[in-house]
Amino acid sequence: MPCAGSRGGRTAPCVLNAANEVAVATFLDGRLPFLAIAEVVERTLNATDTAAARDLDELVAMDADARKTAAALTRELVH
């Protein structure tokens with residue numbers, strides 16, 4: 001999975017990191033199965049436009065959007 005973020009280029013590593021942090025936090029809360037972490041990250045990467053950021057503000061916005069997407073996906077998968 002980390003390779004997917006590096007191959008995606010542009011802002012994919014930012015999206016991967018944000019989604020991973022959300023998924024891992026949900027797992028550590030005991031609400032998300034461990035194997036669902038990868039699914040959340042993959043689905044977040046697939047659902048997010050990872051175009052190049054022009055500046056730090058765009059990168060911060062991309063991070064926030066990826067976290068929102070990942071949070072929504074974890075809500076679908078929580079047990």
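Side-chain atoms are counted along with the backbone in the values below, which use heavy atoms only and exclude waters and symmetry mates.
A search for salt bridge (charged side-chain N to carboxylate O under 4.0 Å, His left out) contacts involving Asp29 returns Arg31, not counting sequence neighbours. Asp49 pairs by the side-chain contact (heavy atoms from CB on, under 4.5 Å) definition with Ala51, not counting sequence neighbours. Contacts of Val24 classified as side-chain contact (heavy atoms from CB on, under 4.5 Å), with partners at least two apart in sequence or in another chain: Asn20, Leu28, Ile37. Every residue two or more places apart in sequence or in another chain that forms a side-chain contact (heavy atoms from CB on, under 4.5 Å) with Ala70 is listed here: Ala19, Val22, Val40, Thr44. Take Asn46 and apply the side chain to side chain donor-acceptor pair (under 3.5 Å) test, not counting sequence neighbours, and it matches no residue. In terms of the side-chain contact (heavy atoms from CB on, under 4.5 Å) criterion, residue partners of Ala53 (sequence neighbours excluded) are, by chain and number, Thr11, Glu58, Leu59. By the salt bridge (charged side-chain N to carboxylate O under 4.0 Å, His left out) test, Asp63 pairs with Arg67, sequence neighbours left out.
Applying the ring-ring contact (aromatic ring centres under 6.0 Å, His included) definition to pairs two or more places apart or across chains, none involves residues 35-59. Within the structure, ring-ring contact (aromatic ring centres under 6.0 Å, His included) pairs that include any residue of residues 24-66 comprise Phe27-Phe34 (at least two apart or interchain). For residues 36-70, there are no ring-ring contact (aromatic ring centres under 6.0 Å, His included) pairs, not counting sequence neighbours.
The structure places CG of Leu32 at 12.5 Å from CZ of Arg75, a figure rounded to the nearest 0.5 Å.
Contact between Ala47 and Thr69 at its shortest, heavy atoms only, is CB-CG2, 4.2 Å.
You'll find the side chain of Thr48 reaches within 4.5 Å of the side chain of Met62, heavy atoms only.
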